S.K.: 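Dumping the structure here so I can ask a few things about it.
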Amino acid sequence: MDWFRLYAEFSTDPKVQMMSEAMQRRLVMLFCLQCGNGIETFHETERETSIAFAMRVSAEEIAATKAEFLRRGFINDDWTLRNWSSRQYASDSSTERVRRHREAKKQGHESDGNEVKRFSNGLEQIQNRTDTEQKEQKLSARHDARAKPVDESPVVIGIPLNDSSEYPITERQVSEFAELYPAVDVRQEFRSMRAWSLSNPTKRKTRGGLLKFANAWLSKAQNEAPQASQRGSPPRGPTSKTGEAVMKLQGVINGNQLDRNRDRQGLTGPVVLELGPSAGA
């Protein structure tokens, strides 16, 4: 049975977690197709249609999926996965080892004592090869770890961890998160994370889980941030009921002014409304 390596960073990688669950599922489906017969086996003119059929999505959905995966750097333009061979190993497949073992076992049953001895030697050689492959894998993994670029940008802030140490947040990480969450003041949110960790020492995160915690925090802040159209909209004016109440109040004020003018002038005829003191008063 074919299988492939799915690394734990899948759950914390911002490029993956910023996508919808449907897009994340399609990415895993693409891994499965590559692990099976290989995406390269699909004819180039029918490759996208074949992938859409395997994912059970429409032509419009597969086009949107391809655009999303290209933008995030998961695939090449021909749908082949980027960096696939550097994350998977040929020795992960046990098919060849099992075949050699069965052949050696068959020969052992059909031969005499010398053949049995040779069979045992064959098994030992297989085990030695397996051990060698495992050592090569470990060396390759160490090489990959050393080959990763070191973030030498200045540390902006430290987030307290559950082991009393601090996780350094660098200038480069702040810039990357700011690009992923454009509606959020990323620096201020990291300051808020530090304050939260200082106030809740029993709930502090581990070093391995800090980035997942930060990603969830910033995602929530992004969702709660006001939209651009709301930020730029003018304040709403008074409702029609408010305007009606203002007009009624103005009418009462005008009525009181009329009564005072009638008393001051001693008139019972037409009313003279004084808007203010005359020039000669």
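None of these values were measured; they are calculated from a predicted model.
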S.K.: Please determine whether the number of non-hydrogen atoms from other residues, nucleotides or ligands lying under 6.0 Å from atom NZ of K212 exceeds 12.
M.R.: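 No, not enclosed.
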
S.K.: List in chain and number order the residues that pass ring-ring contact (aromatic ring centres under 6.0 Å, His included) with F213, two or more places apart in sequence or in another chain; answer none if no residue qualifies.
M.R.: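 Partners of F213 by the ring-ring contact (aromatic ring centres under 6.0 Å, His included) criterion, ordered by chain and then number, come out as W196, W217.
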
S.K.: Which heavy atom in L198 sits nearest to a heavy atom in R204, and how many Å separate them?
M.R.: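 Of all heavy-atom pairs spanning L198 and R204, the closest is CA-NH2, 3.9 Å.
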
S.K.: Applying side-chain contact (heavy atoms from CB on, under 4.5 Å), name anything that partners S20, two or more places apart in sequence or on another chain.
M.R.: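 Checked S20 against side-chain contact (heavy atoms from CB on, under 4.5 Å); matches are A22, M23.
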
S.K.: Report the C-alpha distance between L30 and M55 in whole Å, list the side-chain angles of each, state the deciding distance to 0.1 Å, and finish with yes or no for side chain to side chain contact (heavy atoms under 4.5 Å, CB included).
M.R.: CA-CA 8 Å; L30 204 60; M55 293 184 180; 3.9 Å; yes

S.K.: Residues two or more places apart in sequence or in another chain: which of them pass side-chain contact (heavy atoms from CB on, under 4.5 Å) with Q24?
M.R.: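 Q24: side-chain contact (heavy atoms from CB on, under 4.5 Å) contacts with F10, V16, Q17, M19.
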
S.K.: With hydrophobic residues grouped by side-chain heavy-atom distances under 4.5 Å, do W79 and L70 end up in a single group?
M.R.: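 The answer is yes; both residues are in one hydrophobic cluster.
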
S.K.: Among residues at least two apart in sequence or on other chains, which ones pass side-chain contact (heavy atoms from CB on, under 4.5 Å) with R191?
M.R.: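 R191 satisfies side-chain contact (heavy atoms from CB on, under 4.5 Å) with I157, R187, Q188 only.
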
S.K.: Is the terminal nitrogen or CZ of R71 (NZ for Lys, CZ for Arg) located under 6.0 angstrom from the six-membered ring centre of F69 and within 45° of that ring's axis?
M.R.: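 Pair R71/F69 does not count as cation-pi.
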
S.K.: Under the salt bridge (Lys or Arg N to Asp or Glu O under 4.0 Å) rule, what do R25 and E21 come out as? Steps first, then yes or no, please.
M.R.: CA-CA 6 Å; R25 175 186 175 277; E21 290 186 0; over 6 Å; no

S.K.: Got a sec: does the CZ of R207 have more than 12 other heavy atoms crowding it under 6.0 Å?
M.R.: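 Atom CZ in R207 is crowded, with more than 12 foreign heavy atoms closer than 6.0 Å.
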
S.K.: Apply side chain to side chain contact (heavy atoms under 4.5 Å, CB included) to residues F42 and E48 and explain how you reach the verdict.
M.R.: CA-CA 9 Å; F42 296 141; E48 188 163 308; over 6 Å; no

S.K.: May I ask you to check whether over 12 heavy atoms, not counting those of K220, lie within 6.0 Å of atom NZ?
M.R.: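 At most 12 heavy atoms, drawn from other residues, nucleotides or ligands, come within 6.0 Å of this atom.
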
S.K.: Indicate the atoms forming the closest heavy-atom contact of N76 with L81, along with that distance.
M.R.: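 Shortest heavy-atom contact: ND2-O, 4.3 Å.
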
S.K.: State which residues pass ring-ring contact (aromatic ring centres under 6.0 Å, His included) with F177; sequence neighbours excluded, sorted by chain then number.
M.R.: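 In terms of ring-ring contact (aromatic ring centres under 6.0 Å, His included), with neighbours along the sequence ignored, F177 is linked to F190.
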
S.K.: What residues, two or more places apart in sequence or in another chain, satisfy side-chain contact (heavy atoms from CB on, under 4.5 Å) together with N83?
M.R.: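 Only S86 meet the side-chain contact (heavy atoms from CB on, under 4.5 Å) criterion with N83.
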
